[in-house]
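Values below: every heavy atom of this structure, side chains too, minus hydrogens, waters and symmetry copies. Numbered from 1 within each chain, the chains take letters A, B, ... in sequence-line order.
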Protein chains: 2
Amino acid sequence: MADSEKRRSLIQQYLVQNGACSISALASRLEVSTMTIRRDMELLAGKGLVRVYHGVVVPLKEEATSLQEYALTKAEAVHVQEKLRIARAAASMVEPEDILFIDGGSTAALVARELPRGIPLTIICLSLNAFLNVAGNPAAEVILAGGIYHEETHIFEGPESIELIRRYRATKAFVSANGFREDLGVTCSNNYLLSIKQAVLRSSIQKILVADSSKFGKVNSCYFADLSDFSELITDDGLPDSALQSIRDSGTKVQAV
Amino acid sequence: MADSEKRRSLIQQYLVQNGACSISALASRLEVSTMTIRRDMELLAGKGLVRVYHGVVVPLKEEATSLQEYALTKAEAVHVQEKLRIARAAASMVEPEDILFIDGGSTAALVARELPRGIPLTIICLSLNAFLNVAGNPAAEVILAGGIYHEETHIFEGPESIELIRRYRATKAFVSANGFREDLGVTCSNNYLLSIKQAVLRSSIQKILVADSSKFGKVNSCYFADLSDFSELITDDGLPDSALQSIRDSGTKVQAV
DNA sequence: ACATTTTTGTTGCTTTTATAACATTTCTAT
DNA sequence: ATAGAAATGTTATAAAAGCAACAAAAATGT
């Protein structure tokens, strides 16, 4: 990476952490002239990443503040690029008046974050992560399945959660998983996750599995569905063609983004 | 609320939405001089709510979350000190192994924040505010009553919420209110709040009303209990002695902190 | 109604930033 | 190595913001 790029990257990182910074402070911190910073900012502003006011740079990264930030720092920072592509593909499937289940897990949380704003939706969240990423959407009715909070998964467990899921009917469910393979099916790591995911599948028309290719071939302790139980799989381009083909043959649409 | 307060509140709201704004823009938007805005910003900066750079105001993200936002940008900003004293008194009543209901509202959210950490508790939260203030407490089992999210109150509404409350039994319930008086009882502003508060009262041994003295004498549309239905009232020192005495005579303990 | 306090606006001056044009350095490819 | 390109620094001028002191207006209390 060129020095100038590295500097801009550093600036961005600093801005996201600190919320804002003056151009003069950036110049002295990075030991370059203010003109250099200005030119950098012009570039970043052109990309829509920052906004430059009078002497001050403010990161414009979509609400990287407080709640959303919390939701993402906790998420495993692995395969973020893939997960984001998957999330965007998933979000682009959503249509006005859709009723959505958003599962726990970092990929599903990203789906929540990428959901179109301004169109009427009903969004039923199963994890705090997903919820925090949609709360505040003015056009959406946001529902959270409550219960006992599990900090490691950000999911609420309990009969109330299951009951709530059973009471609703969704047009689309975005479900995550810890592992998926053709022979042993789709798996997750906990018993309560299993109950929730199964309830979600039973309450939804379109069942969409969002899982990056690192999950492919893996198994975890709790089996909750076969791949063919899903109407669609959204994953990245890391799956072998043979696998893609055989999943498609079993009746599940596949998007590899 | 005084005009100046209203203006500062508007500014804060605008800042949280937009991330940042120049002083000159705020001045023309609110049709006051830049000096007025500058002085406002000095005030808000003193409270640690914003940071002023050269001509630009940036909200500080640490404080912009749930509670502070609610407690300081909304109309209740005036009574923060009282609420905090009330919250601390309430929190000091809590003992190990207690099972707690924490209602919605800024005062109850403060109770949640002031709860002792490290002692085993079961904490059932009825609002996002309260929840975010206790999530992460390692010694506590944290439960959130889910349902349809209401942004203006940060509360989750729905049959699931009520069912969850009915299913639990608490040793202490910290309940908030919009108004309370001896003749017309304790009132809140919404129907769903009413259902929740009544369910909480029916599921709890000790029923503790936390409400600052500005609520005294007021009525709101929804009546949900008499003052004598509460085992205890925690308020500040703004109630007339005669009222304190007559509430005590009716069998409700009163702490005026 | 009056005086007092608080809030807001105005002015002049200082300091900081923006911008453009030009000079210099650093990088890159042959 | 060297020319050309890209990146960076410098300077001068214009524009905008900061600041302090004072004036005017509005709110408050007696």
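- Going from atom CD of A/Glu31 over to atom C1' of D/dA7 covers 17 Å, rounded to whole Å.
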Please list, for nucleotides 10-17 of chain C, all pairs of protein and nucleotide N/O atoms separated by less than 3.5 Å.
{"from": "C/dT17", "atom 1": "OP1", "to": "A/Ser24", "atom 2": "OG", "distance (Å)": "3.1"}
{"from": "C/dT17", "atom 1": "O3'", "to": "A/Gly55", "atom 2": "N", "distance (Å)": "3.2"}

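- Atom CD in A/Glu42 sits about 16 Å away from atom P in D/dA6, given to the nearest Å.
- The closest donor-acceptor contact from the side chain of B/Asn190 to the backbone of B/Tyr192 lies at 3.5 Å or more, if one exists at all.
- For the residue pair B/Asn129 / B/Ser127, no side-chain donor-acceptor distance below 3.5 Å is found, with atom types taken as modelled.
- Taking the six-membered ring for Trp and thresholds of 30 and 60 degrees, A/Phe131 and B/Tyr149 have ring planes more than 60 degrees apart, a perpendicular arrangement.
- Using a 3.5 Å distance cut-off with no hydrogens or angles, the side chains of B/Asp226 and B/Ser228 do not pair a donor with an acceptor.
- Between B/Phe101 and B/Phe174, the ring center distance fails the sub-6.0 Å criterion.
- Between the CZ atom of B/Arg7 and the P atom of C/dT6 there is a distance of 16 Å, given to the nearest Å.
- For the salt bridge (charged side-chain N to carboxylate O under 4.0 Å, His left out) condition, no pair includes a residue of residues 242-252 of chain B, sequence neighbours left out.
- Taking atom CE of residue B/Met41 and atom C1' of nucleotide C/dT8, one finds them 15 Å apart after rounding to whole Å.
- Rounded to whole Å, atom P of C/dT8 lies 10 Å from atom CG of B/Leu43.
- Rounded to an integer number of Å, the gap from CZ of A/Arg8 to P of D/dA6 is 14 Å.
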